[in-house]
Colleague: 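The structure that follows is given in the form of structure tokens.
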Amino acid sequence: MTRSNSKRIVCGLFMKNETDLEMLRHSTAHVMAAAVCRLYNDVHLDIGPSTDDGFYYDFDLTDRITPDDFHKIEKEMKAIVKEDLPFERLEVSRAEAESMLVGQKYKLERLADIPEGDVITFYQCGDFFDLCRGPHLESTGQIRAFQLLSVAGSYYRGKETNPMLQRINGTAFTNDKQLGLYLKQLEEAKKRDHRKLGTELDLFSIHNEVGPGLIHWHPKGARIRSIIEEFWRQEHFRNGYEILYTPHVGKANLWETSGHLNFYAEGMYAPMEIDKSDYYVRPMNCPFHINIYKSGLRSYRDLPLRWAELGTVYRYEKAGVLHGLLRVRGFTQDDAHIFCTPAQIENEVKEVIRFSNTIWKTFGFEKITAYLSTRPEKAVGEQDRWDQAIVSLKSALEAEGIPYEVDEGGGAFYGPKIDLKIKDAIGREWQMSTIQFDFNLPERFDLSYIGEDGEKHRPYMVHRALFGSIERFFGILVEHYGGAFPAWLAPEQVRVLPLSEDQLDAADDIAVQLRKEDIRVTVDHKSGKIGAKIRNAQMDKVPYMLVLGAKEIESGMLAVRDRTGAQEDMTLIDFIEKIKNAVQTKA
RNA sequence: GCCGGCGUAGCUCAGUGGUAGAGCAGCUGAUUUGUAAUCAGCUGGUCGGGGGUUCGACUCCCUCCGCCGGCUCCA
């Protein structure tokens, strides 16, 4: 099973008139390129399209552009905007185009890509012209609000073997207000960055001494994880799954049979020799589950088998791609394998989608969409199995009312799949769950079950993961909640804040009573003003604070403050009830 | 892996070819406080590792490691 890997996408919240905005951004990219050409020598242009959030332009030039140069470039861009240069469309012959692009090697290659017979157009503003399909604004004066954001290397045509160009990313909007909103959203995303919050809230860490991409879960992070896992386990039992535990290493032979050593070796770590056999740390769990399947004769009456495991796997990821919890080298998949008959397949797929849908709603992810990937050119498995699988995937999505796009031919060679994408609290989309058919492994491992006819049959096998990777899911969850975990997940649900030393004993006493009710509570024993204690609890994002002074002790009422700042007096009994309710409803 | 940037105390950051600084956190003491920062003192660093240049390197150079932004990759 492959791992979902989509990086965050800041969604186009501000795309009112999509095409207009695209044109504006594309035109702004041209203006940026024009500015760069004015400011630097020997600029080789590649392309400068609009993107979901802005635009970029790729250049090759001897000078290294750094963010310090942005001000200078933006200033020149503003000058070009002020000059109000018209964007003029020029239709030219191929020969003319070639002569216009002398010395521009990337552009010449791009020109060569344009099919014979197609119209070749240039867009010119001032003395800057660019091979471009357009369309563009009427003139540079129509550009209002833009900002350069970053500069980074980028392979020409995205190919590793090609030269590396410099890509300047920027964004543009129709007015300053929308630009401001967008920049604010970027800031908000930065504030929620799970790497930052992970340190601030003491959730996890990564250590040079251990190695990059290897996660250490601190008590608070581990507490949250254990709650998530417990929830996950409970839900799986409820939904007809059984849980497995399997080894973290296996012999070379196993990975040869599975095909991993053939197709996936670069993602696997070097073997270790034990008693003259090579053992590999596992990059996937499937072969182990398959061996359990094969440990006995299976009847059609035993199927479907739904086997899940929180299986920790290790995969080699290139150093440059590691990213906090989102891209790591050791992670735990919430993996499951479903073995079933052809008659059962449709219902099984439907159940997986329904199941994952309810799980997502629990975490407050309401918007779910899907990608359906179908048979690629090179594929294993009989055509009618592919057809049946795809039909079952489609009808499951339709039954659950999940909107989906079809990626024709985008499936893995071993089977079609569905990837589910969710939208987080600030509108970013993440690819999470994956449901993949596998026509390969049952063949390779010669899986069978005995049918009603007494004959051996090949079972269907489906891999599925809901969270994908617990680490990655946790990272996304931190950003989704901005670190303010709801009460059922919060590692510290209540903090008692004694007003003075006089209330320490009473505070400890309340904590004892809450702990008896399985409420996660601490007492702030420090001396200091109540304002400071509240501030600390707020910064730790504790859901409930109990301010305890003489008044409360006398009246027997608790002064409950939640982290939104709302205050309410209630009895201990009522407070316990309140928290238990919040935990139970997972509010 | 590639391009660029960066690496100074637990955290956020200042600093400079001449023996390392601040705020927060931590510790100690004072304070005993009513809804987002009480005061004071103290502790804390092989300035990412290694090598070089130099009378002298945190500072300049080389190299390795790691992080950040991208690209690429993710059967």
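Model, not experiment: these values are computed from the prediction. A note on names: the letters A, B, ... follow the listed sequences, proteins ahead of strands, and every chain is numbered from 1.
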Colleague: Scan A:G320 against the nucleic acid and name what it touches under 4.0 Å (heavy atoms): base, sugar-phosphate only, or nothing.
Modeller: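 Since a base atom lies under 4.0 Å of A:G320, the category is base.
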Colleague: Taking atom C1' in both B:U8 and B:U59, what distance in whole Å separates the two?
Modeller: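 These two C1' atoms come out 11 Å apart once rounded.
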Colleague: Which value, in whole Å, describes the distance between the P atoms of nucleotides B:A25 and B:C62?
Modeller: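 Those two atoms are separated by 41 Å.
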Colleague: By the 4.0 Å heavy-atom rule, please label A:A537 as base, sugar-phosphate, or nothing.
Modeller: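 The residue A:A537 makes no contact with any strand.
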Colleague: Out of B:G5, B:C71, B:C11, which nucleotide sits closest to the side chain of A:S154?
Modeller: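 Nucleotide nearest to A:S154's side chain: B:C71.
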Colleague: For A:D569 and A:G324, find the nucleotide of RNA chain B closest to each by heavy atoms; which residue's nucleotide sits nearer the 5' end?
Modeller: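 By nearest-heavy-atom nucleotide position, the 5'-most residue is A:D569.
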Colleague: Identify whether any heavy atom of A:A566 sits under 4.0 Å from a base atom; if not, whether one sits that close to sugar-phosphate; answer base, sugar-phosphate or nothing.
Modeller: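 Touches nothing.
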Colleague: Distance check needed: B:A36 C1' versus A:M539 CE, whole Å only.
Modeller: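 Rounded to the whole Å, the gap is 8 Å.
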Colleague: Please say whether the positively charged group of A:R167, taken as NZ for Lys or CZ for Arg, lies over the ring of A:Y57, i.e. under 6.0 angstrom from the six-membered ring centre and within 45 degrees of the axis.
Modeller: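 Because its charged atom misses either the 6.0 Å distance or the 45° angle limit, A:R167 does not stack over A:Y57.
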Colleague: Taking the same atom, C1', in B:G15 and in B:A22, what whole-Å distance lies between them?
Modeller: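 Looking at atom C1' only, B:G15 and B:A22 are 11 Å apart.
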Colleague: Roughly how many Å apart are B:U19 and B:C47, using the C1' atom of each and rounding to a whole number?
Modeller: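 After rounding to an integer number of Å, I get 13 Å for this pair.
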Colleague: Determine whether A:P163 and A:Y155 make a side-chain contact, defined as any pair of heavy atoms from C-beta on separated by less than 4.5 Å.
Modeller: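 No, side chains not in contact.
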Colleague: Considering only side-chain heavy atoms of A:H323, which listed nucleotide, B:U32, B:G69, B:G1, is closest?
Modeller: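 Closest nucleotide among those given: B:G69.
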Colleague: Taking the side chain of A:R327 as heavy atoms from C-beta outward, which of B:C73, B:G69, B:G34 is closest to it?
Modeller: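 Nearest listed nucleotide: B:C73.
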Colleague: Please state whether the base of B:U32 and the side chain of A:S527 form at least one donor-acceptor pair under 3.5 Å?
Modeller: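 Side chain to base: no pair below 3.5 Å.
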Colleague: A:R315 side chain to A:P283 main-chain N or O, any donor-acceptor pair under 3.5 Å?
Modeller: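 Yes, A:R315 side chain to A:P283 backbone: donor-acceptor pair under 3.5 Å.
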Colleague: Would you mind classifying the nucleic acid contact of A:G528 as base, sugar-phosphate or nothing, using non-hydrogen atoms under 4.0 angstrom?
Modeller: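 If one applies the 4.0 Å heavy-atom cut-off, A:G528 turns out to touch a base.
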Colleague: Checking contacts here: which listed nucleotide (B:U33, B:C71, B:G66) is nearest the side-chain heavy atoms of A:P212?
Modeller: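 Of the options given, the side chain of A:P212 lies nearest B:G66.
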Colleague: Could you work out which one of B:C71, B:G34, B:U35 sits closest to the side chain of A:E552?
Modeller: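 For the A:E552 side chain, the nearest candidate turns out to be B:G34.
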Colleague: I want to verify a distance call: between B:G5, B:U33, B:A36, whose nearest atom is closest to the A:T66 side chain?
Modeller: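 From the listed options, B:G5 comes nearest.
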Colleague: Let me know the distance between CD of A:Q431 and P of B:C74, rounded to the nearest Å.
Modeller: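 Spelled out: CD on A:Q431 to P on B:C74 is 14 Å.
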Colleague: Nearest to the A:Y155 side chain among B:A30, B:C71, B:A36, which nucleotide is it?
Modeller: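 For A:Y155, the side-chain atoms sit closest to B:C71.
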Colleague: How far does the P atom of B:G10 sit from the matching atom of B:G44, given to the nearest Å?
Modeller: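 To the nearest whole Å, 12 Å.
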Colleague: What nucleic acid atoms does A:I530 come within less than 4.0 Å of, heavy atoms only: base, sugar-phosphate, or nothing?
Modeller: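 Sugar-phosphate contact only - A:I530 comes under 4.0 Å of backbone atoms but never of a base.
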Colleague: With a non-hydrogen cut-off below 4.0 angstrom, is A:R64 in contact with a base, only sugar-phosphate, or nothing?
Modeller: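 Sugar-phosphate contact only.
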Colleague: With a cut-off of under 6.0 Å to the ring centre and 45° to the axis, is A:R385 in cation-pi contact with A:Y460?
Modeller: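 Yes; both conditions hold, so A:R385 lies above the ring face of A:Y460.
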Colleague: For the P atoms, the ones on B:A57 and on B:G18, what distance do you get once it is rounded to whole angstrom?
Modeller: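 Here B:A57 and B:G18 have their P atoms 11 Å from each other.
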Colleague: Across the strands shown, which category fits A:K378 at heavy-atom distances under 4.0 angstrom: base, sugar-phosphate, nothing?
Modeller: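 If one applies the 4.0 Å heavy-atom cut-off, A:K378 turns out to touch nothing in the nucleic acid.
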Colleague: Name the closest nucleotide to the A:D502 side chain, picking from B:U72, B:A36, B:U32.
Modeller: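 Per side-chain heavy atoms of A:D502, the pick is B:U32.
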Colleague: Between B:C68 and B:G51, how far is it from one P atom to the other, in whole Å?
Modeller: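 Approximately 28 Å lies between the P atom of B:C68 and that of B:G51.
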Colleague: Once you round it to whole Å, what is the distance between P of B:G10 and CG of A:D540?
Modeller: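 In whole Å, B:G10 P and A:D540 CG are 20 Å from each other.
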Colleague: Please confirm whether the ring centroid of A:Y293 lies under 6.0 Å from the ring centroid of A:F339.
Modeller: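 Ring centres of A:F339 and A:Y293 closer than 6.0 Å.
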Colleague: On RNA chain B, check which nucleotide each of A:G213 and A:N440 is closest to and give me the residue with the more 5' one.
Modeller: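 First, find each residue's nearest nucleotide; the 5'-ward one identifies A:G213.
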Colleague: Output the rounded distance in Å from CE (A:M164) to C1' (B:G70).
Modeller: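 In whole Å, B:G70 C1' lies 9 Å from A:M164 CE.
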Colleague: What's the closest nucleotide to the side chain of A:K551 if the choices are B:G34, B:C71, B:A36?
Modeller: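 Among the listed nucleotides, the one closest to the side chain of A:K551 is B:G34.
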Colleague: In whole angstrom, what separates A:L203's CG from B:C11's C1'?
Modeller: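 Whole-Å distance recorded here is 15 Å.
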Colleague: Taking the ring of A:Y264 and the ring of A:W255, is the distance between their centroids below 6.0 Å?
Modeller: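 A:W255 vs A:Y264: aromatic centres not under 6.0 Å.
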Colleague: Please tell me which of the listed nucleotides, B:A75, B:A37, B:G4, lies nearest to the side chain of A:F413?
Modeller: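 Nearest to the side-chain atoms of A:F413, counting from C-beta on, is B:A75.
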Colleague: When the ring centroid of A:Y280 is compared with that of A:Y269, is the distance short of 6.0 Å?
Modeller: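 Here the rings of A:Y269 and A:Y280 have centres that are no less than 6.0 Å from each other.
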Colleague: Using the P atoms only, state how far B:G23 lies from B:C42, rounded to an integer number of Å.
Modeller: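 After rounding to an integer number of Å, I get 11 Å for this pair.
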